[in-house]
Amino acid sequence: MKQRVQTLLREKFERDVVLEKPKDRSFGHFATPIAFSLAKELRKSPMVIAEELASSFNESDVFESVDSLKGYINFKLSENFLNEYASYVIENPADFAKGKHKEKILLEFVSANPTGPLHIGHARGAVYGDTLLRLGRHLGYDITAEYYVNDAGNQIDLLGLSLQLEAQNTLFDMSVELPEKYYRGEYLTDLSKIANSEFGKDILLDSTRQKELALWAKDRVMELVVSDLKDANIEFDTFVKESSLYSDWDRVMAKMGDGIYEQDEKKWIKSTQFDDDNDRVVVREDGRPTYLAGDIVYHNKKYEQGFDHYINIWGADHHGYIARVKAAIEFLGYDSKKLEIQLSQMVSLLKDGEPFKMSKRSGNVILMSEIIEEIGSDALRFIFASKKCDTPLEFDVEELKKEDNSNPIYYIQYAHARIKTVHKKSEKSEKEISDAKLINLNADADALLFDALLLPEIVEDAFNSRQVQKLPEYLKTLSASLHKFYYDHRIIGEENETKYLKLLNIVALSLKTGLGLLGIEAKDSVYKD
RNA sequence: GCGCUUGUGGCUCAACUGGAUAGAGUAUCGGUUUUCGGCACCGACGGUUAUAGGUUCGAAUCCUAUCAGGCGCACCA
């Protein structure tokens, strides 16, 4: 819709035109402040320019009216145009809000260490990433969802140690002393039991077998992670293991040429050349590559696959890392601007206004699985998708269990279910409804129709700006319009019954499509039995 | 100390990335409907957009300084 108008205006004005939502819906459907920017060139007042431009529009199929007001030009779409678009949408529901983009994008997200189940902070990045993925794919982008598994280094050794200590403590009653740095949580108890029955006691007692134990355990933990993600409707296409990358290190290091130098028997990357605070060590004195080396090989691997664009979603605590990775990419001879890094901020939870109590089993963090048990995957996804991911977020789990309009997910599902019920009660046939023409309606119906048809713009905008919260925001607004319309107008038995039902169909489709893009299934009933 | 980031009604968040009178929900108070769905709808109250300057037709948005919070400043991952 917007694109159509934009194209028309671009042809007319021979330049790109900013189109926005008018302050007041009664002004029209779209508006542009173009007269303000022309004012300087033409040396005339914006008011005059806007008036001249507005009156230069002839009667057309698309616009019912074009008016100027205080320097803005307001466009009102014609009922005919809206009706035709509505019919197209109803006949091609699966294509609603789809796009024609073609670019290949590699989207890396979550990438939590395989040393424990996912916690609430991971969940936010996971939901954000998966929502972007769904939006992008709907728009036509060819996106690969990738998880980077940090299955090498000290943390894996620590996992082996933690598992042994846990077993010695809880399984064998040895009451050993637990060091500060060690993983905790119920999953360790579970894993130690499995290890015990699968390999015998020895692997949990013999410190020389820690490594062996760890290598086994990290794969089990990854299974936990994958299952946590699956519970939230999140799946990945590819998993890249850090441990598989180091064999390529020598080749990749050579590729960076002058970017690498030697000093104090270590190898450094000259990342200060690209705005980093310090140069970074990539190979230690003893010849072992650092974590950064793995990440460099990893990003080289990404770029060698020739995607058009790369998106990484990182926890905000990694922001110091951006400069060095981008520097490495430049040294490798690639364009670091193709790599975009989105940071996801911390989350804190409340329950009845008090800090959410962590269960004993989880150690010292709130687990993603606990929250899904508490409020369900739908509510979790919705709340995380509704907030900009780079601002800290606090929410109360009790708010998300309520069944009234303080709970947006309920409010939206209710709107959708209401429409379904009205349909069931009506005796009109599907054909009668889809044949109805949405013209000569009242202002309320016109407004609701326009709102429902706005989804494509929202999806496009939410993805392009990476601000996925625009979609939940839109769905809330659309639901409110629906509820209001429903309150103000009786539908069954009215003169406009078929028209109204078609209109409601479009609203329902918009809600359903939007929810689907959030990884949430629209419900036909909100009753709990 | 340096760097990044955030600061919007009592609370949780928006604001089309520089556009019209800064909007929703919640809380508080008042009203409508009691039916196609338990629900929902309307109104009132609430703001110097942290503070002080600057840029221009126009600033919550951009620039500078200050204040406050968060995060980072590993040869850990």
Side-chain angles (χ1 to χ4, degrees), chain A residues 2 18-24 27 30-37 39-40 45-46 69-72 74 111-113 115 150-156 158 181 242 264 266-268 275-278 280-286 288-295 315-323 343 345-346 350 353 383 386-388 390-396 399 402-408 410-411 414-415 417-426 457-458 461-462 464-465 467 469-470 472-474 476-477 480 482-488 490-493 525-528:
Chain A
K2 188 174 179 179
V18 179
L19 265 191
E20 55 194 41
K21 201 161 64 184
K23 198 72 207 163
D24 188 327
F27 293 165
F30 294 107
T32 176
I34 190 173
F36 291 98
S37 27
K40 214 178 273 175
S45 101
L69 183 69
K70 289 199 232 166
Y72 288 85
N74 295 313
S111 299
N113 297 341
T115 53
N150 297 126
D151 63 342
N154 294 343
Q155 53 182 346
I156 296 301
L158 194 55
K181 264 203 139 208
E242 182 189 354
D264 303 334
K266 303 164 201 166
K267 294 207 169 64
W268 300 69
D275 289 334
D276 199 0
D277 299 334
N278 297 296
R280 310 289 168 176
V281 174
V282 287
V283 180
R284 304 172 177 97
E285 302 164 273
D286 60 8
R288 282 156 53 235
T290 61
Y291 173 76
L292 178 59
D295 232 352
D317 52 339
H318 285 67
H319 68 75
Y321 219 75
I322 298 173
L343 299 176
Q345 278 285 359
M346 304 293 121
L350 301 174
I383 188 77
S386 9
K387 315 292 172 192
K388 264 193 290 205
D390 60 351
T391 54
L393 163 69
E394 183 179 84
F395 72 92
D396 193 318
E399 294 291 317
K402 290 188 184 160
E403 302 200 339
D404 57 41
N405 68 4
S406 67
N407 179 1
Y410 178 84
Y411 186 72
Y414 183 44
R418 259 188 154 166
I419 295 173
K420 294 293 158 189
T421 309
V422 179
H423 262 85
K424 266 184 222 145
K425 298 245 169 173
S426 167
E457 280 79 61
I458 303 297
D461 186 25
N464 289 340
S465 64
Q467 313 257 306
Q469 81 279 1
K470 288 165 192 277
E473 197 68 29
Y474 165 75
K476 271 192 275 184
T477 311
L482 183 275
H483 286 306
K484 179 161 171 52
F485 184 82
Y486 186 89
Y487 179 84
D488 288 338
R490 201 163 164 95
I491 292 157
I492 290 173
S525 164
V526 292
Y527 294 145
K528 282 187 196 149

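Being a predicted model, the structure only gives us computed values, none of them experimental. Below, read A as the first sequence line, B as the second, and so on, with proteins coming before strands; counting in each chain starts at 1.
Where stacking is scored as ring centres under 5.5 Å apart with planes under 30°, Tyr72(A) registers as stacked on the base of A20(B).
A distance of about 12 Å separates the C1' atoms of U55(B) and G18(B), rounded to the whole Å. Between A15(B) and U61(B), the distance separating the two C1' atoms is 10 Å to the nearest Å. Nucleotides U8(B) and G47(B) are separated by 15 Å at their P atoms, to the nearest Å. Between A27(B) and G9(B), the two C1' atoms lie 12 Å apart (nearest whole Å). When the C1' atom is used for both A52(B) and A59(B), the distance is 15 Å, rounded to whole Å. Here, G7(B) and U12(B) have their C1' atoms 15 Å apart, quoted to the whole Å. Taking the C1' atoms as reference points, U17(B) lies 24 Å from G25(B), given to the whole Å.
For Tyr411(A), whose side chain is taken as the heavy atoms from C-beta onward, the closest listed nucleotide among C41(B), A20(B), A15(B) is C41(B). Listed nucleotides C42(B), G37(B), A77(B) differ in distance to Lys484(A); the shortest reach to its side chain belongs to C42(B). If you check C13(B), C36(B), G19(B) against the side chain of Val422(A), the one that comes closest is C36(B). If you check A14(B), A40(B), A77(B) against the side chain of Gln155(A), the one that comes closest is A77(B). Picking from A77(B), C36(B), C16(B) the nucleotide with the shortest atom distance to the side chain of Lys425(A) gives C36(B). The side chain of Tyr410(A) sits closest to G38(B) out of U32(B), C71(B), G38(B). The side chain of His318(A) lies closest to A77(B) when the candidates are G19(B), A77(B), C16(B). In the set C36(B), A77(B), G37(B), the nucleotide with an atom closest to the side chain of Ile491(A) is C36(B). Relative to the side chain of Asp317(A), the nucleotides A15(B), C71(B), A20(B) differ in distance, and C71(B) lies closest. Of all nucleotides listed (U17(B), A40(B), A14(B)), U17(B) comes nearest to the side chain of Ser465(A).
Between Phe30(A) atom CZ and C16(B) atom C1' there is a gap of 11 Å when expressed in whole angstrom units. To the nearest angstrom, C1' of C73(B) lies 16 Å from CG of Asp275(A). Arg418(A) places its CZ atom 8 Å from the P atom of A40(B), with the value rounded to the nearest Å. The distance between atom CD of Glu20(A) and atom P of A20(B), rounded to the nearest whole Å, is 7 Å. Rounded to an integer number of Å, the gap from CG of Asp396(A) to C1' of U12(B) is 10 Å. Nucleotide U33(B) holds its C1' atom 12 Å from the CZ atom of Arg490(A), rounded to whole Å. Taking atom CG of residue Asp276(A) and atom C1' of nucleotide G72(B), one finds them 12 Å apart after rounding to whole Å. Remark: P of G69(B) and CD of Gln345(A) are 16 Å apart, rounded to the nearest angstrom.
Within 4.0 Å (heavy atoms only), Pro46(A) reaches no atom of the nucleic acid at all. Gln469(A) comes within contact range of the sugar-phosphate backbone alone, with a heavy-atom separation under 4.0 Å but no base atom that close. Using a 4.0 Å heavy-atom cutoff across all strands shown, Glu242(A) reaches sugar-phosphate atoms only and no base atom. At a threshold of 4.0 angstrom between heavy atoms, the contacts of His483(A) are confined to the sugar-phosphate backbone, with no base atom among them. Nucleic acid contact for Thr290(A): sugar-phosphate only, since backbone atoms but no base atoms lie under 4.0 Å from a heavy atom of the residue. Using a 4.0 Å heavy-atom criterion, one finds that Asn150(A) contacts the sugar-phosphate atoms exclusively. The residue Ala316(A) sits close only to the backbone: its heavy atoms come under 4.0 Å of sugar-phosphate atoms, none of a base. If you check every strand for non-hydrogen atoms under 4.0 Å, Ala152(A) touches sugar and phosphate atoms only.
Tyr487(A) contributes no side-chain N or O that forms a donor-acceptor pair with the base of U33(B) under 3.5 Å. With hydrogens and angles left out, the side chain of Asn74(A) and the base of A20(B) share a donor-acceptor pair within 3.5 Å.
The glycosidic torsion of U17(B) lies within 90° of 0, which places this base in the syn conformation.
Here the side chains of Ile383(A) and Lys387(A) are in contact, with some heavy-atom distance below 4.5 Å. Side-chain atoms of Ile491(A) and Tyr486(A), non-hydrogen and from C-beta on, do get closer than 4.5 Å to each other. Ile419(A) is listed as a side-chain neighbour of Leu482(A), based on a closest heavy-atom distance under 4.5 Å.
Under the salt bridge (charged side-chain N to carboxylate O under 4.0 Å, His left out) criterion, Lys402(A) pairs with Glu399(A), sequence neighbours left out.
With Tyr72(A) as the fixed residue, the ring pair (Phe, Tyr, Trp, His ring centres under 6.0 Å) test singles out one of Phe36(A), Phe27(A), Phe30(A): Phe36(A).
For the residue pair Pro46(A) and Ala35(A), the shortest heavy atom distance occurs at O-CB, 3.5 Å. Between Lys388(A) and Gln467(A), the shortest heavy-atom contact is CD-OE1, 3.5 Å. When every heavy atom of Lys476(A) is checked against every heavy atom of Pro408(A), the shortest pair comes out as CD-CB, 3.7 Å. Taking every heavy atom of both residues into account, Gln155(A) and Asn150(A) meet most closely at NE2-O, 2.9 Å.
Listed for the Thr290(A) side chain is a donor-acceptor partner under 3.5 Å among the backbone atoms of Val281(A).
In this structure, Leu292(A) and Glu473(A) both approach RNA chain B, and ranking their closest nucleotides by distance from the 5' end singles out Glu473(A). Between Asp151(A) and Ser37(A), the one whose closest nucleotide on RNA chain B sits nearer the 5' end is Ser37(A).
For the pair Lys388(A) and A15(B), the criterion of a side-chain N or O lying under 4.0 Å from OP1 or OP2 is met.
Base pairing in RNA chain B gives the following stems of 3 or more Watson-Crick or G-U pairs, range against range and under 3.5 Å: B:1-7 with B:67-73, B:10-13 with B:23-26, B:28-32 with B:40-44, B:50-54 with B:62-66.
Counting heavy atoms of neighbouring residues, nucleotides and ligands inside a 6.0 Å radius, atom NZ of Lys21(A) does not exceed 12 of them.
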